[in-house]
Amino acid sequence: MKKLFLIPMLLACFLLGSCGSDDDNDSEISNEINGTWEVSNVYYEGDMNYGNLDYQFIGQSVSFDDYIFDFKEDGIFTSSGAYTVEFTMIMNGQEYTSEEAVPYSSVSGNYSIVDDKLYLETQSEEHEVEIIELSSNRMILNASGSAALTGGMEGTANVDVMEITLQKQ
């Protein structure tokens with residue numbers, strides 16, 4: 001169960017290390033997104049193969065430590081903060097639940113918006129995030145993807161759903 005810690009860490013990297021596109025921003029949506037947003041909920045689910053272990057996982061945030069995204073008018077974003085997640089691993093019909101701290105991380109880069117997609121680009125990563133809802137004070141994003149795991153045993157984590165809810169400050 002020591003490997004339980006890997007998923008929240010992986011997801012923090014996935015969420016805070018972000019996405020990119022060369023297309024022009026949709027100006028109406030860009031105006032709505034400008035400003036500082038505080039993360040109020042993170043939920044994810046997926047499956048993982050690590051060594052010879054196959055299991056499903058579900059994560060639900062339980063608390064936050066100044067977890068914010070700041071989107072500037074010039075297409076630059078910053079993200080920083082930490083959170084705690086209730087993490088459930090389901091393997092062979094058994095559920096194992098623990099509370100895990102996702103450590104503080106700080107990331108910056110460029111963003112653009114095309115239709116209902118938010119593209120975040122850092123020096124090392126690019127990801128596409130779907131904008132599910134965007135109003136003057138609330139934004140819901142959905143991301144998915146896969147990542148290779150290394151370190152001792154190798155494996156793959158597949159995130160099928162990662163829904164992030166943010167409130168404008």
Side-chain angles (χ1 to χ4, degrees), residues 3-26 29-30 32-51 56-61 64-85 87 100-134 139-168:
K3 302 302 177 197
L4 195 62
F5 179 69
L6 291 174
I7 293 293
M9 290 292 296
L10 170 70
L11 294 172
C13 294
F14 180 71
L15 178 62
L16 290 173
S18 301
C19 10
S21 170
D22 293 330
D23 296 328
D24 294 329
N25 282 356
D26 179 301
I29 293 175
S30 293
E32 287 285 327
I33 202 172
N34 291 336
T36 302
W37 296 82
E38 185 173 21
V39 178
S40 61
N41 188 50
V42 177
Y43 172 83
Y44 48 83
E45 59 186 60
D47 59 80
M48 182 174 182
N49 169 279
Y50 192 70
Q56 297 168 321
F57 58 83
I58 299 170
Q60 176 63 60
S61 58
F64 296 93
D65 184 13
D66 296 322
Y67 191 11
I68 63 166
F69 282 78
D70 190 21
F71 296 95
K72 303 287 187 193
E73 289 181 28
D74 60 1
I76 305 262
F77 83 94
T78 58
S79 173
S80 61
Y83 66 100
T84 301
V85 63
F87 182 74
E100 303 287 338
V102 179
Y104 182 86
S105 180
S106 179
V107 174
S108 63
N110 297 310
Y111 79 92
S112 61
I113 298 170
V114 178
D115 298 325
D116 63 348
K117 305 287 187 214
L118 172 62
Y119 297 90
L120 303 169
E121 181 177 1
T122 67
Q123 287 184 342
S124 61
E125 295 184 341
E126 296 181 15
H127 295 281
E128 177 183 288
V129 180
E130 183 180 7
I131 301 170
I132 302 296
E133 178 184 321
L134 178 61
M139 179 168 37
I140 300 176
L141 304 174
N142 185 41
S144 61
S146 297
L149 304 173
T150 59
M153 295 185 285
E154 295 188 11
T156 305
N158 301 302
V159 179
D160 299 322
V161 174
M162 182 175 207
E163 189 173 283
I164 305 109
T165 304
L166 304 100
Q167 303 296 322
K168 198 161 201 179

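Everything quoted here is computed from the prediction, not taken from an experiment. Quick note: residue numbers are just sequence positions, from 1.
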Any luck finding a side-chain donor-acceptor pair between Gln60 and Tyr43 under 3.5 Å?
no
Is the closest side-chain donor-acceptor distance between Asn158 and Ser146 under 3.5 Å?
yes
Is there side-chain contact between Val85 and Val102, with heavy atoms separated by less than 4.5 Å?
yes
Below 4.5 Å, heavy atoms only, C-beta onward: do Asp160 and Tyr44 meet side chain to side chain?
no
For a side chain to side chain contact (heavy atoms under 4.5 Å, CB included) check, start with the C-alpha distance between Val129 and Asn142, then their side-chain angles and the critical distance, and finish with the verdict.
CA-CA 6 Å; Val129 180; Asn142 185 41; 5.9 Å; no
Considering all heavy atoms of both residues, which atom of [X] and which atom of [Y] are nearest to each other, and what is their separation?
| X | Y | result |
| --- | --- | --- |
| Met162 | Val42 | CE-CG1, 4.2 Å |
| Ile68 | Glu38 | CG2-CA, 4.1 Å |
| Glu32 | Trp37 | O-CZ2, 3.5 Å |

Checking [X] side chain against [Y] main chain: does a donor-acceptor pair fall under 3.5 Å?
| X | Y | result |
| --- | --- | --- |
| Asp74 | Ile76 | yes |
| Ser80 | Ser106 | no |
| Lys168 | Met139 | no |

Step-by-step side chain to side chain contact (heavy atoms under 4.5 Å, CB included) determination, Met48 to Phe57
CA-CA 8 Å; Met48 182 174 182; Phe57 58 83; 4.0 Å; yes
Within this structure, what is the [atom1]-[atom2] distance for the pair [X] and [Y], rounded to the nearest 0.5 Å?
| X | Y | atom1 | atom2 | answer |
| --- | --- | --- | --- | --- |
| Glu130 | Asp116 | CD | CG | 5.0 Å |
| Lys72 | Phe77 | NZ | CZ | 13.0 Å |
| Tyr67 | Ser40 | OH | OG | 11.5 Å |
| Asp70 | Ser108 | CG | OG | 11.0 Å |
| Thr165 | Asn41 | OG1 | CG | 5.0 Å |
| Glu128 | Lys117 | CD | NZ | 5.0 Å |

With Leu166 as partner, the option from Ile140, Thr36, Ile33, Val39 fulfilling side chain to side chain contact (heavy atoms under 4.5 Å, CB included) is Val39
Hey, can you tell me if Phe71 and Tyr111 have their rings parallel, tilted or perpendicular (30° and 60° cut-offs)?
perpendicular
Side chain to side chain contact (heavy atoms under 4.5 Å, CB included) evaluation trace for Val107 with Thr78:
CA-CA 6 Å; Val107 174; Thr78 58; over 6 Å; no
